[in-house]
Amino acid sequence: MKMDVRVRYAPSPTGLQHIGGIRTALFNYFFAKANGGKFILRVEDTDRERYSDESLEDLYSTLEWLGIKWDEGPVVGGPYGPYIQSERFDLYREYAEQLVAEGKAYYCFCTPERLEEVRKQQAESKSEYQGYDRHCAHLSDSEIKEYLRQGIKPVIRFRVPTEGKTTFHDILMGDITRRNRDISPDPVILKSDGFPTYHLANVVDDHLMKITHIMRAQEWIPSGPLHVLLYQAFGWDVPQYCHLPMVMGKDGQKLSKRHGSTAVRDFRAKGYLPEAIINYVTLVGWSLDGSTEFFSKEELEKCFTMEGIHKAPAVFDYKKLDWFNGQYIRQADNARLASLITPYLQQAGYVSDPITEDDKKLIDSLVPSVKERMKVLSDVVPLTAFLFEDKPVEDKTIYIAKGSDEQNTAQALERGTEILLTGLKSGESEEAIEEKLSALSQELGIKVNGVFQPIRVAITNSTVSLPLFDSIRLLGIEETEKRLMRANKLFKEN
RNA sequence: GUCUCCCUCGUCUAGUGGUUAGGACAUCGGGUUUUCAUCCCGACAACGCGGGUUCGAUCCCCGCGGGAGAUGCCA
């Protein structure tokens, strides 16, 4: 499979790009790159009911954010365009009519109501036969003319043989065979609005665009034989198939919204980095050797192979994604992190938009202490809240560390404040101050944290915070003093 | 109901006709640390079941069980 590999990602713009879809895109993209082939983007916007401009924009912006560039497709063009199916409208009718003329397809005038009724009855009677009853399979010319005269818009159905069986080869799965009678009976290939269904559009375009390998989710396996039948009806070569394992939610069902966010856009908004998404998502259902886990996009463009694709469906693990994201955040350089973090602080109203020079400096200075603690970029908001909004802790018990008590805490606070402020003001080193504070704890007969905790709570309004001296540095001595005094006052009342 | 596919720790996976069945996430425990986090160390944890083939099966074959997907004028 060296020469001219051509693969495509062909999403339907009927919703936001989600993990499963993007995983398919990634596999196709990496496979193309690794084999020196072309990655083609094709927009399958044949469902006019569910189509939305927003979905289309989301498709473009998501791929751009991930850094996935298509060699041919919308916007960039290519020799086999247009790459948006609605712009190829007339084409599909021609091919469908060709099949009708050859007797391989036929007009159907059944109403949706009738079809629904048929389906309902089949389900209720637990009939072995499911699907269209071929009601219009043998209409006479005059019947057809009469229906058309009445203005009924027909669909075109593909005539599926009732005898024999059809086999297609899947690179991963091997040969998959279905008896023709088990294939969905005479599926619609051209809808009454003149748009093709997936089956027709997909086959026609894959052929016309010279697609060599079809990598798509396993949910398409059942229609594999149908597509082969279609290729045969047209007299075309069948491309190579490779059905990808599906991405599941925790409960083992196909991943969907009810499992949590699945839209890539949502992950982006929460503060996941594109390299983390790419790395983790391609590891769902694929592996190189079972032990390597960090892959850059560039590496995957070289080392991705079909052999590494797993057969079984894989559960998407949000926690592992978090872990990857944390790893990538820690690897990221500080300047980049600063700019990535800024929008979150602006959104929280913590810094101005547009950003001022002072805020910029502040952000630069908080990056180092915050980067070890973030799983997602939006974590920066709770982590730095104490700098931007002051919500003093009124509950004394919060200040009291385990193993300490109110009296010792009051002492620690009073004398600790003294040590801290004089130390800071006289330019003592943090180590020196720290030593004095820990000496104080010994003197009081409590653990080190018995001294640090009340000070921390006073300054950061929380028992959990950035390192104390980092916090002070970011907050400034003046504000630090104010907060310490306030806490001291709290413990002196009553 | 029918058809098709799938089956190694909780999860993602590596792997072999003879291995202490490997790694990672998660979980738990410990260490470093002023808290949290990071980081380091350690522990727990899997070949779905039953037959066969074989000197020997997680691995090969068959059956069962379980799971998933498809069954649309959605893709």
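Here is how names work: the chains are called A, B, and so on, in the same order as the sequence lines, proteins then strands, and each is numbered from 1.
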Query raised in the report: What does A:Ser287 touch in the nucleic acid at a heavy-atom separation under 4.0 angstrom: a base, only the sugar-phosphate, or nothing?
Result: sugar-phosphate
Query raised in the report: Roughly, in whole Å, what's the span from CD1 in A:Ile309 to P in B:A14?
Result: 12 Å
Requested in this report: Remember a base hit wins even if backbone is also touched, and classify A:Thr177 as base, sugar-phosphate or nothing at under 4.0 Å, heavy atoms.
Outcome: sugar-phosphate
Query raised in the report: Is A:Arg181 reaching over with its side chain to a backbone N or O of A:Arg178, donor-acceptor style, under 3.5 angstrom?
Result: no
Query - Nearest to side-chain heavy atoms of A:Val315, which nucleotide of B:C25, B:U11, B:U38 - result: B:U11
Query raised in the report: Which parts of residues 409-417 of chain A get close to RNA chain B, meaning a heavy atom less than 4.0 angstrom away?
Result: none
**Report entry** Exercise: do A:Asn279 and A:Tyr328 side chains pair donor with acceptor under 3.5 Å
**Finding:** yes
**Report entry** Spacing of the C1' atoms in B:G10 and B:C5 (rounded, Å)
**Finding:** 24 Å
Query raised in the report: If you count the non-hydrogen atoms of other residues, nucleotides and ligands that lie under 6.0 Å from CD in A:Glu116, is the total more than 12?
Result: no
Requested in this report: Looking at every strand, decide which applies to A:Glu124 at a 4.0 Å heavy-atom threshold: base, sugar-phosphate, or nothing.
Outcome: nothing
Report task. Check every strand shown and say whether A:Pro467 touches a base, only sugar-phosphate, or nothing at a heavy-atom separation below 4.0 Å. Result -> base
Query raised in the report: Counting only Watson-Crick or G-U wobble pairs whose two distances fall under 3.5 Å, which nucleotide matches B:G63?
Result: B:C49
Report summary line: Nearest-nucleotide check on RNA chain B, A:Ser465 vs A:Gly285; residue mapping nearer the 5' end is A:Gly285
Requested in this report: Sort out the partner of B:C28 for me: Watson-Crick or G-U wobble, both distances under 3.5 Å, none otherwise.
Outcome: B:G42
**Report entry** Distance in angstrom units between A:His310 NE2 and B:U11 P, rounded
**Finding:** 12 Å
Report task. Kindly confirm or rule out a cation-pi arrangement of A:Arg157 over A:Tyr132, judged by NZ or CZ under 6.0 Å from the six-membered ring centre and within 45° of its axis? Result -> yes
Report task. List in chain and number order the residues that pass side-chain contact (heavy atoms from CB on, under 4.5 Å) with A:Pro82, two or more places apart in sequence or in another chain; answer none if no residue qualifies. Result -> A:Glu87, A:Arg88
Query raised in the report: Once the angle between the rings of A:Trp70 and A:Tyr60 is folded into 0 to 90°, is it parallel (under 30°), tilted (30 to 60°) or perpendicular (over 60°)?
Result: parallel
Requested in this report: Classify the nucleic acid contact of A:Leu466 as base, sugar-phosphate or nothing, counting any heavy atom under 4.0 Å across all strands shown.
Outcome: base
Query raised in the report: Using purine N1 to pyrimidine N3 plus N6-O4 or O6-N4 for Watson-Crick, or N1-O2 and O6-N3 for G-U wobble, both under 3.5 Å, which nucleotide pairs with B:A70?
Result: B:U2
Report summary line: For B:C55, the nucleotide meeting Watson-Crick or G-U wobble distances (both under 3.5 Å) is B:G18
Query raised in the report: If you measure only the distance, is there a donor-acceptor pair under 3.5 Å linking the side chains of A:Ser55 and A:Asp58?
Result: no
Query raised in the report: Between A:Arg179 and A:Lys250, which is nearer to the 5' end of RNA chain B once each is assigned its nearest nucleotide?
Result: A:Arg179
Query raised in the report: What is the distance, rounded to the nearest whole Å, between atom CG of A:Leu226 and atom C1' of B:C3?
Result: 14 Å
**Report entry** nucleotides 67-75 of chain B: protein proximity per nucleotide (B base, S sugar-phosphate only, - neither; heavy atom, under 4.0 Å)
**Finding:** -SSS-SBBB
Report task. Compute whether any side-chain donor of one residue and acceptor of the other, for A:Gln85 and A:Glu44, lie under 3.5 angstrom apart. Result -> yes
Query raised in the report: When you measure from the centre of the six-membered ring of A:Tyr95, is the NZ or CZ of A:Arg93 under 6.0 Å away and within 45° of the axis?
Result: no
